[in-house]
Amino acid sequence: MKKKNIFFIFSMAFLPALSYGATCSRANLTRCLDSVCAINVSSNPAARCQYCGTSSAGTPPTKTGMQSLSLGQSAKYTLSEKELKNAPTDPGKRYAWATAECIKKIEGCTADDVSDTYDKLIEQSCKAAGVSAQLAVTLSENAKTVSSSSCETSIRACLVEEKRCGPDYSACENDADFNNFFAACSVEASGCDNYISDIRNTLISDRNTAIANADKAIENLKQTYQTAREQKVAQAENACKDDTAFNACVKTVCATNMPNKCEVGTSTEESENAAAAALCNFYKTACNLLK
């Protein structure tokens with residue numbers, strides 16, 4: 001069996017399963033982002049700008065709770081008061097934090113989805129607050145700031161596609177191939193420059209582990225067959241010792257196929273024994289080959 005085929009057989013045992021094809025729900029993504037950036041937006045139209053736009057919009061008023069935002073909304077798509085305690089107060093950092101948290105919560109969404117969905121809402125909010133100073137630059141920089149984990153997930157998914165390394169990394173056993181595919185995937189992952197070195201080290205380790213495990217599996221398979229062969233040889237040698245297998249065969253043939261069972265003292269004892277011995281003679285032939 002070719003090594004690459006063995007890689008495929010055992011790859012699912014050593015690599016975490018990946019999920020493909022999820023579609024981003026922009027509505028649910030907006031709900032999540034609003035739970036961070038639009039607190040009490042009904043009474044404060046500038047909330048999105050103040051929380052996640054720019055500090056030029058001023059400090060948002062002291063919030064009285066999330067009721068004005070979250071009534072009728074599912075906690076499945078929003079961040080709780082407890083989770084918001086970890087949110088930064090600086091608008092730029094808060095927007096980056098909201099981006100990272102919401103793309104983890106809403107399946108299939110990316111930082112680009114956040115930018116496409118939410119930048120215009122922040123811009124509208126900033127216009128309501130009378131803020132226009134360098135808003136486009138602020139939003140652009142925020143959109144590029146993504147978490148290390150989301151970058152790693154994105155690059156890993158790209159790297160293990162069948163047209164690149166493959167889920168078992170078998171097409172990237174050579175470092176040059178790995179480096180080429182990793183470089184291509186890194187280019188596609190925008191905003192991840194600060195994490196590229198660490199992510200590469202992590203994925204190199206994953207690649208090495210997958211290949212080592214596959215090699216180990218092949219070696220274990222070879223050892224299993226070798227052990228089975230050795231056991232069969234040992235069994236055959238024991239069966240040949242003192243004509244054990246031959247005598248057992250003659251006894252069985254006599255008991256099941258001969259009219260008088262090769263019984264001692266009968267007139268057919270000698271002929272039946274001779275016939276049984278002839279039928280079982282293949283054991284002696286086989287045993288001679290082992291000598």
Side-chain angles (χ1 to χ4, degrees), residues 19 22-154 189-192 194-195:
S19 175
T23 301
C24 177
S25 168
R26 296 293 180 89
N28 292 335
L29 181 60
T30 300
R31 292 187 182 99
C32 181
L33 293 165
D34 271 350
S35 68
V36 183
C37 301
I39 298 171
N40 295 320
V41 68
S42 59
S43 60
N44 178 25
R48 291 189 180 100
C49 186
Q50 292 172 336
Y51 279 108
C52 294
T54 171
S55 57
S56 299
T59 303
T62 304
K63 60 186 175 74
T64 57
M66 295 291 289
Q67 292 183 354
S68 62
L69 170 68
S70 60
L71 282 175
Q73 292 192 8
S74 170
K76 180 179 179 181
Y77 303 119
T78 59
L79 297 174
S80 67
E81 289 275 17
K82 182 178 180 181
E83 290 173 305
L84 287 179
K85 291 180 180 180
N86 296 320
T89 56
D90 174 81
K93 293 180 180 178
R94 189 179 183 91
Y95 186 41
W97 182 86
T99 296
E101 293 300 314
C102 288
I103 62 179
K104 286 192 294 185
K105 182 176 282 286
I106 311 301
E107 185 179 5
C109 295
T110 67
D112 288 338
D113 292 315
V114 172
S115 181
D116 293 342
T117 302
Y118 213 68
D119 283 5
K120 58 182 177 293
L121 297 179
I122 295 179
E123 184 174 8
Q124 291 168 2
S125 177
C126 287
K127 286 180 179 179
V131 177
S132 60
Q134 298 182 346
L135 177 61
V137 175
T138 300
L139 293 177
S140 176
E141 290 303 314
N142 288 342
K144 292 178 182 178
T145 305
V146 293
S147 69
S148 172
S149 60
S150 63
C151 284
E152 181 180 324
T153 298
S154 175
S190 59
C192 296
N194 293 337
Y195 314 121

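When reading the values below, keep in mind they use all heavy atoms of this one structure, side chains included, and skip hydrogens, waters and symmetry mates. Along the sequence shown, residues carry numbers from 1. Nothing here was measured: the structure is a model prediction, and the numbers come from that model.
The backbone N or O of C32 sits nowhere less than 3.5 Å from a side-chain atom of T78 that would complete a donor-acceptor pair. A donor-acceptor contact shorter than 3.5 Å is absent between the side chain of D116 and the backbone of D113. Proximity of a side-chain donor or acceptor of R94 to a complementary backbone N or O of P88 within less than 3.5 Å is detected.
Between the side chains of Y77 and D34, no donor N or O sits under 3.5 Å from an acceptor N or O. Side-chain atoms of D112 and S115 form no donor-acceptor pair, as typed in the model, at a separation below 3.5 Å.
Remark: E101 engages K104 in a salt bridge, criterion side-chain N to carboxylate O under 4.0 Å.
Per the SG-SG cut-off, C52 and C37 are bridged by a disulfide [distance under 2.5 Å].
One distance of note links CZ of R48 with CD of E123; it measures 13.0 Å at 0.5 Å rounding. Interatomic distance, Y51 OH to I122 CD1, rounded to the nearest 0.5 Å: 13.5 Å. Expressed to the nearest 0.5 Å, how far CD1 of I39 lies from CD of E81 amounts to 7.0 Å.
When all heavy atoms of C109 and I103 are compared, the pair lying nearest together is O-CB, 3.5 Å. L84 and W97 make their closest contact through CD2-CZ3, 4.1 Å (heavy atoms, listed as atom of the first residue, atom of the second, distance). In terms of heavy-atom proximity, S125 sits nearest to P45 at OG-O, 2.9 Å.
Listed by chain and number, the residues in a side-chain contact (heavy atoms from CB on, under 4.5 Å) with S154 are A189 (sequence neighbours excluded). By the side-chain contact (heavy atoms from CB on, under 4.5 Å) test, S55 pairs with P91, sequence neighbours left out. Listed by chain and number, the residues in a side-chain contact (heavy atoms from CB on, under 4.5 Å) with T117 are R26, L29, T30 (sequence neighbours excluded). Not counting sequence neighbours, the partners of N28 by the side chain to side chain donor-acceptor pair (under 3.5 Å) test are S25, R31.
Between S80 and E83 there is a side-chain heavy-atom pair separated by less than 4.5 Å.
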Trace of the side-chain contact (heavy atoms from CB on, under 4.5 Å) decision for Y118 with T99: CA-CA 10 Å; Y118 213 68; T99 296; over 6 Å; no

